[in-house]
S.K.: 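To start, I am sharing the structure in question, which I have written as structure tokens.
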Amino acid sequence: MLSAILTLAGLGFLAALGLAVASRVFYVKMDPRVATIADILPGANCGACGYGGCGAFAQAIVSGEGKIEACSAIDEEGAHAIADIMGIMYTESEKEWAVVLCRHTDGGVANTFDYVGISDCRAANLVGGGPKACPSACIGLGTCAAVCPFGAITMSADGLPIIDPNRCTACGVCVAECPKNVIVLAPVSSAVSVHCSSEDKGAAVKKVCSTGCIGCGACVRVCPFEAMTMENNLAAVNYSKCRVCGLCVSVCPTNAIRDHRDELKVRKIAVIGDDCNGCTLCARACPVDAIAGNPKEQHTVDPARCIGCGICADQCKRGAVSMITVDNTEDEASGPATVVGGGGR
Amino acid sequence: MMGARKKQKTYRFQGGVHPPEEKLTAALPTEAMPLPEKIYIPLSQHIGAPAVPVVKEGDRVLTGMVVAEAGGFVSTPVHASISGTVTGIVDYPHPVGRNMPAVVVESDGADKLDEKITPPPDINSLTGEEIREIIKNAGIVGLGGAAFPTHVKLSPPKDKPIDTLIINGAECEPYLTADHRLMLEHPEKVIGGARLLAKALGVTRVLTGVEKNKMDAVQALTGATGSDVAVVPFAVHYPQGAEKQLIKASVDRVVPAGGLPMDVGVVVQNVGTAAAVYDAVTDGMPLISRIVTVTGPGIRTPKNLRVRIGTPLSEVIASCGGLAPDVRKVILGGPMMGNAQFNLQVPVIKGTSGVLLLTESAAEVLQPGPCLRCGNCVRVCPMGLTPLMFARYTELGMFDEAAEFNVADCIECGCCAYECPAHIPLVQYAKYAKAEIQNRKRKAAG
């Protein structure tokens, strides 16, 4: 009896000794901040930061090598929390989202052949560039939706990706995987995009698509800010110049240019304050005649006509015109971006 | 050399299948197709750099004149296949499925041969180097379908000595009979070409491999050969005509993964290539035409046609009586490895061995289901791969894992997809995985 107790106690002591030694000898020094930061990071492992997942990124931040700004998925609150832990500054970068530069519908772009095979755009693209008649068109098999780590992309019934701006973090995974290169990242604040990627001449585009850019140049002519360019028969928005007035959208004959201001909740209109002395400068400069008022009296803006270009605000010498953001959407403001799924790329 | 007609021992490669042979056109002599009014000669008809055009709009060309020169070492020139006027160099539908630059020649109807095309003064005194040069200038590529420039295959590096030349007359693809007819009608060209190729390579051991379903061709070749070129009948077993499988079956050597036949001292050339080499050396004739089998249930009159390179498919089909009413699928090549086409304007190119037209019932695509793990694909894979694994990883977008299952060694022969009871498009998965792995490598390299 005693010998049994002693033997077991002895064995237990030896094992404990072994563990104690091992815990000293093989101790891995971990900065506790790594775990804390990793918990704050979104955990989607999208790879947009350039590191192999959120854990590796947390390590990089702690080592001073990684910049918080590299993470496109994190919200402001989280970013500031990490900045506090590290005692560094966080500068919010221009928020971006993914935009699909094609808006064909099933009726819009015909198929040149029946594609039967793997339901993946990358595989279909190997078969003569996919079945769409337009060589630049979205193939529509949903590879972007499958690879999105944030569940921000759904496929519409007519086979086009729909991007949920609340969920999109501009991580760029879809941009990298799209074999047609029709997805780009664009600033949320400049919510106007040309939804066509075809560099074919207008006649060729017209033949295969009802909503493609035909290179007519109407948008370039109408833009008050020289923000539209036309290269290789394709209009493009210069986001550094664009003031998001939407004039190009209204003149585009094929509706290839679209306005996402309401969707992204960045629509602005002008409001004239009490400082107005009725100089009429703003009313004369307004490209859409949205400002009315008698000289020497306070002017008013018709919110229904105002396109939010901000020319009036530039003209006003007294700073009486301010641009305010309005929410034209009916639905309730949705909550913060939620992360679903993750990994598995 | 080979002893007096001693029976050559043959071996078996692993895997393989035996699809219905469907050689509808085996007994039909090759006809020359009437000259088309316009030909569209793609600058890229071979593996390697596209050829660089040397003609411009308005130029008059004669049959056999160079219209584009080789764009590098792994490249070949292309020649005018009719005489007439160059009407432009345009982007034109190509069998790969995209538009590619092509030289358009409008025929003058005369088919006047370039006077510069003359046989060399003394064929027997040509050195191997001179033969290689003639082959290169004649624009000859592998006519079995891969269209790899022949002169490159004939220029192995010094550290890879070649001891055996295999002339490939297996023609294991169902439906196709172009090589069969060539061996029957011009055995002397095949054997003569084999001798020239052997001289260019400096080898003495030459085998011509033919599947046993073409015993008449074996006889014809045996009649044309001496003791120097052995004619070996092989079992009818798809893919007997695949390079690596043919090497295993004839000399019992295994080409290493990622390697080439030259790694085991062998060069394989198609019988069509051998005949083209014979024409180029004895007559100075560049590669301007080839035999194309137009076949399948979707064509009114199946034929073996000698077609000028650059002839649009629509004209080839018209000269075979046109399409059957319920034609559904047009394939360039055979049913196992050919590529479906969606535009009948695409031209016949150097690698076009057949035009297969399938009707609704023959082209039926069965809905893929979940993998049954039956292992049929593993059993029939002639490369010893596990298609089910790389296909599944590819489906999941796990390309690194697909690469670990050696998808890069897949020869895309189609045995696995042919056998798969779940109708999984295994070959498409392999092609897709290979392309994505390459893409990722390119991106990683910046």
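Each chain gets a letter, A, B and so on, in the order the sequences are listed, and its residues count up from 1.
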S.K.: So what's closer than 4.5 Å to chain B heavy atoms on A:N125: side chain, backbone, both or neither?
M.R.: neither

S.K.: With a 4.5 angstrom heavy-atom cut-off, is it the side chain or the backbone of B:Q428 that approaches chain A, or both, or neither?
M.R.: both

S.K.: Can you tell me if A:E65 and A:Y51 form a side-chain donor-acceptor pair at under 3.5 Å?
M.R.: yes

S.K.: Where the side chain of A:S197 meets the backbone of A:S136, is there a donor-acceptor pair that is under 3.5 Å apart?
M.R.: no

S.K.: If I measure from the heavy atoms of chain A, does B:V365 come under 4.5 Å with its side chain, its backbone, both, or neither?
M.R.: side chain

S.K.: Please identify, among A:P131, A:A123, A:G117, the residue contributing the most non-hydrogen atom pairs under 4.5 Å to chain B.
M.R.: A:A123

S.K.: B:Y429 versus chain A, heavy atoms under 4.5 Å apart: side chain, backbone, both or neither?
M.R.: both

S.K.: Between B:F390 and B:F405 (judged by ring centroids, cut-off 6.0 Å), do the two rings come close enough to count as a pair?
M.R.: no

S.K.: What distance separates B:L323 CG from B:S314 OG, expressed to the nearest 0.5 Å?
M.R.: 9.5 Å

S.K.: Do A:R122 and B:E395 pass the salt bridge (Lys or Arg N to Asp or Glu O under 4.0 Å) test, and can you show the C-alpha distance, the side-chain angles, and the key distance before you say yes or no?
M.R.: CA-CA 11 Å; A:R122 294 165 294 191; B:E395 188 183 356; over 6 Å; no

